[in-house]
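First comes the structure, then the notes that go with it.
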Amino acid sequence: IYMDRYYTSPTVINDLQKVGVGVCGAVKLNRLKLEKKMEENIIKMKTGTWESKFFYTDNILLSIWSDSKLVLVISNINTNKCIQKERFERKNKIKIPKNVISQINNNNKIPKINVDIPVAISEYSNYMRGVDLLDQMMSYYSICHRSVKWYMRIAYHMFEIAFVNSIVIFESLRAIQNSKKIEHEKFRIEVIKGLVNEYKNNNQLPSTEDVSKKNFFKKISNCNIEG
């Protein structure tokens, strides 16, 4: 399981390890409950040096990587090894370490450099990328309605996920058919127009009873997806 730092803690990893579940996740420093001296040493690490540090405690590996900010990941499925990844050089901001191999292109510029990154952090980034991208796309044109009713918040979140999934599918089909690209905002507007027109043509408008708590879950359980 790869999880966000909101859920990750040594206690959670230990509990899942007891039932045979492997876990890798970003973690907040204050959840690690490290010794004060060790915590201070981590805080003092300079950002942007691409330095890696590893600590073992209770069969849990803590990987620390100094990128543009400190990245902390704990795992019970990885080892203290590094792999090389390409990173963009931040000119005039970060001094390139001596052990970094620079890649020079034909224009004698250095757009990217190879740096060592802990395997645990690399795998976390790869497997969590889809979740982060989903959250990013949902934030562009999110539904701004607020409600004290918890089930309506679930409904809004499901609508957001449906919108993002639909535009991802649309873009994949568009690429195959070589059709014209449509902006995210315009795509949402077209979908909304289509839903509104369907109600207009059928002379049906949703009533307050249709969105009640009881009927909401009844409609969700009975819905059929076509296409």
Side-chain angles (χ1 to χ4, degrees), residues 1-85 87 94 115-140 142-143 146-162 164-165 168 213 216-217 220-221:
I1 297 176
Y2 292 85
M3 59 177 65
D4 190 78
R5 65 179 184 172
Y6 180 82
Y7 306 97
T8 312
S9 71
T11 303
V12 171
I13 288 188
N14 282 326
D15 290 342
L16 290 173
Q17 191 171 15
K18 290 176 182 178
V19 294
V21 178
V23 181
C24 178
V27 66
K28 297 179 180 179
L29 183 60
N30 58 0
R31 287 190 181 178
L32 297 174
K33 298 180 180 179
L34 301 173
E35 295 179 0
K36 188 175 181 180
K37 188 175 181 180
M38 184 183 294
E39 189 171 318
E40 288 176 351
N41 289 336
I42 293 174
I43 295 173
K44 289 179 181 178
M45 287 179 64
K46 292 183 179 180
T47 58
T49 60
W50 297 296
E51 179 186 2
S52 300
K53 287 188 177 181
F54 303 94
F55 300 95
Y56 273 106
T57 174
D58 298 329
N59 296 322
I60 297 176
L61 172 68
L62 168 62
S63 302
I64 307 171
W65 189 49
S66 174
D67 194 19
S68 55
K69 61 181 180 179
L70 287 182
V71 182
L72 289 82
V73 168
I74 55 177
S75 170
N76 61 0
I77 56 176
N78 297 106
T79 59
N80 58 340
K81 293 184 179 180
C82 292
I83 59 174
Q84 285 202 335
K85 290 280 187 177
R87 301 289 292 178
I94 298 173
V115 298
D116 290 330
I117 176 173
V119 173
I121 294 176
S122 176
E123 290 189 357
Y124 171 81
S125 299
N126 289 335
Y127 288 104
M128 288 296 291
R129 186 176 299 164
V131 177
D132 294 336
L133 183 59
L134 172 65
D135 292 339
Q136 180 182 351
M137 293 182 70
M138 286 172 58
S139 67
Y140 291 152
S142 61
I143 299 174
R146 295 186 178 183
S147 175
V148 294
K149 299 176 181 178
W150 63 268
Y151 55 89
M152 290 306 299
R153 295 192 178 203
I154 295 176
Y156 294 147
H157 187 70
M158 291 173 66
F159 291 148
E160 290 286 359
I161 293 175
V164 173
N165 287 340
V168 169
K213 179 179 178 181
F216 170 73
F217 287 105
I220 290 295
S221 60

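Of all heavy-atom pairs between Lys81 and Phe54, the closest is O-CZ, 4.1 Å. Here the closest non-hydrogen pair linking Asp116 and Ser52 is O-OG, 4.0 Å. Residue Ser9 comes nearest to Ile74 through the heavy atom pair C-CD1, 3.9 Å, listed as atom of the first residue, atom of the second, then distance. In plain terms, the two heavy atoms of Met138 and Ile161 that are nearest each other are SD-CG1, 4.1 Å. When all heavy atoms of Val21 and Ile1 are compared, the pair lying nearest together is CG1-CD1, 3.6 Å. Taking both residues in full, the closest heavy atoms of Val115 and Trp65 are given as CG2-CZ2, 4.1 Å, listed atom of the first, atom of the second, then distance.
Considering only heavy atoms from C-beta on, Lys85 comes within 4.5 Å of Ser122 through its side chain.
In this structure, Arg5 places its CZ atom where only 12 or fewer heavy-atom neighbours from other residues, nucleotides or ligands lie under 6.0 Å away. Few gaps surround OH on Tyr56; more than 12 heavy atoms of other groups in view lie less than 6.0 Å from it. Residue Glu40 places its CD atom among more than 12 non-hydrogen atoms of other residues, nucleotides or ligands, all under 6.0 Å distant.
Rounded to the nearest 0.5 angstrom, Asn78 CG and Ile60 CD1 are separated by 12.5 Å. With rounding to the nearest 0.5 Å, the separation of CD1 in Ile42 from CG in Leu62 is 5.5 Å. Taken to the nearest 0.5 Å, the CG atom of Leu72 stands 9.5 Å off from the CZ atom of Phe55.
If you check the side chains of Asn59 and Gln17, you find no donor sitting under 3.5 Å from an acceptor.
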